[in-house]
Structures are given as structure tokens and as C-alpha cells.
Amino acid sequence: RPGLALCAGCGGRIQDPFLLRVSPDLEWHVACLKCAECGQPLDETCTCFLRDGKAYCKRDYSRLFGIKCAQCRAAFSSSDLVMRARDHVYHLECFRCAACGRQLLPGDQFCLRERDLLCRADHGPPPDGAAARGPRS
């Protein structure tokens, strides 16, 4: 209801005939709802993301807070196919052996040493005594 709400952006009372509501409890003056990073106005035509009380456009939110490729550090788009190794996520084209550059495909055996992916041919023998503890995976 205009006149009773406080703007989450500027803190002022909203007396305008229109307001924008983001999530169930945050209301904004139409002019105050802008991306905290680039200043793009955020309205019913632009997707809005909230983080720590600040509003962001989709592009900046993804760039700042989205999961990034462990190799190239670029964000993923919703249509990207990915490969995972432990808690690391990679673009398909970035999922390559650090030693020889060969692209690793689903089903290929590889080793993850620190942040480096190594194909079976390049990862060498298992680390100290690993073979004695059980079969290699």
C-alpha cells in the first residue's frame, strides 16, 4: 500500500502510486530498484536477484556470485554442459589434462592433483602407498 511502505533502497517512505516488491517483504520506489553493480534499472522486464540486501541484474549476479569454471574462471550459462571432479566444475572444453592438453571425456580415467586435472597417461603412479590401500579408481 503506497504511503505505508519504506523503500528498501533509500529507506524513504513510498508515497508513489506504484512500488516494486521483491521477495515477500522488500518494497522499492520504482526509481530506486537498480542493480547495485552496474546501475541498470530493475523492473518487471528485468530479472532481479538479491544478495545481502542488495539487488543485482542477472548478468552481474552471475558474474559476482555464480559458480565459475575451475579452469577458466568464467561463469556458466544455463545452457552450458559441465564436467565435475570432486567439488570443481568445468566447461566441457576446459576439462583437459594440465600436462598434455588432451580433452577428458566422460568415462576417461583422470587424477585431480590440487587444482590440476591429469589424464591417466600423465598422472603416473599413485601417491605414497595408495596402491597398498586398495584398487585405484
Side-chain angles (χ1 to χ4, degrees):
R1 294 181 312 234
L4 300 177
L6 294 180
C7 177
C10 71
R13 182 166 277 151
I14 301 176
Q15 297 179 344
D16 305 350
F18 300 101
L19 60 84
L20 295 175
R21 179 169 288 137
V22 180
S23 82
D25 57 346
L26 296 176
E27 296 168 326
W28 305 70
H29 291 110
V30 173
C32 290
L33 187 56
K34 295 180 182 178
C35 175
E37 192 69 16
C38 71
Q40 174 185 350
L42 302 172
D43 56 22
E44 68 277 353
T45 65
C46 183
T47 304
C48 177
F49 294 85
L50 291 178
R51 177 94 176 224
D52 300 327
K54 294 180 181 177
Y56 297 92
C57 66
K58 182 177 183 176
R59 182 178 44 89
D60 285 328
Y61 186 86
S62 294
R63 182 178 57 82
L64 294 169
F65 307 111
I67 296 172
K68 295 179 177 59
C69 176
Q71 179 62 38
C72 72
R73 304 302 303 154
F76 295 99
S77 73
S78 59
S79 62
D80 284 339
L81 297 176
V82 300
M83 296 289 281
R84 295 179 183 271
R86 292 195 190 122
D87 57 345
H88 302 287
V89 184
Y90 301 83
H91 293 106
L92 288 180
E93 60 275 6
C94 295
F95 199 68
R96 297 180 173 278
C97 175
C100 69
R102 183 174 74 83
Q103 185 171 13
L104 299 168
L105 302 172
D108 285 349
Q109 291 183 353
F110 65 91
C111 173
L112 183 63
R113 286 205 184 131
E114 296 181 25
R115 296 191 65 87
D116 289 336
L117 290 168
L118 297 170
C119 68
R120 180 178 172 94
D122 289 318
H123 71 69
D128 303 11
R133 290 193 298 261
R136 287 186 240 173
S137 58

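The structure presented is a predicted model; accordingly, all values stated were derived computationally and were not measured. By convention here, the first residue in the shown sequence is residue 1.
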Sequence neighbours excluded, every pair satisfying salt bridge (charged side-chain N to carboxylate O under 4.0 Å, His left out) that has a member inside residues 74-100: none
Side chain His29, main chain Arg13, donor-acceptor under 3.5 Å: yes
Pairwise side-chain contact, Arg51 with Phe49, heavy-atom cut-off 4.5 Å (strictly under): no
Considering all heavy atoms, the nearest Gly11-Leu6 contact: O-CD2, 4.0 Å
Cys38 versus Cys57, closest heavy-atom pair with distance: SG-SG, 3.9 Å
Non-neighbouring partners of Ala31 that pass side chain to side chain contact (heavy atoms under 4.5 Å, CB included), sequence neighbours left out: none
Same cluster (ILVMFWY, side-chain, under 4.5 Å), Leu42 and Val30: yes
Any donor-acceptor N/O pair, Arg113 side chain to His123 backbone, under 3.5 Å: yes
Closest contact, heavy atoms only, Cys94 versus Gln71: CB-CB, 3.7 Å
Check: Cys97 and Leu118 side chains under 4.5 Å, non-hydrogen atoms: yes
Smallest separation among heavy atoms of Ala36 and Lys54, with atom names: CB-CB, 4.0 Å
Working for salt bridge (charged side-chain N to carboxylate O under 4.0 Å, His left out), residues Asp108 and Arg102: CA-CA 11 Å; Asp108 285 349; Arg102 183 174 74 83; 3.2 Å; yes
Leu104 versus Met83, closest heavy-atom pair with distance: O-CE, 4.3 Å
Ignoring hydrogens and angles, write down the donor-acceptor pairs under 3.5 Å from the side chains of residues 59-68, residues two or more places apart or on other chains.
unit_1	atom_1	unit_2	atom_2	d
Asp60	OD1	Arg63	NH2	3.2
Ser62	OG	Lys58	O	3.1
Arg63	NH2	Glu37	OE2	3.4
Lys68	NZ	Arg63	O	2.5
Lys68	NZ	Gly66	O	3.4

Check against side chain to side chain contact (heavy atoms under 4.5 Å, CB included), Val82 and His91: CA-CA 5 Å; Val82 300; His91 293 106; 5.8 Å; no
Verify same cluster id: Leu112, Phe95 (apolar side-chain graph, 4.5 Å): yes
Heavy-atom pair of closest approach, residues Ala5 and Glu27: CB-OE1, 2.7 Å
Cluster overlap Tyr90 with Leu81, hydrophobic side-chain contacts below 4.5 Å: yes
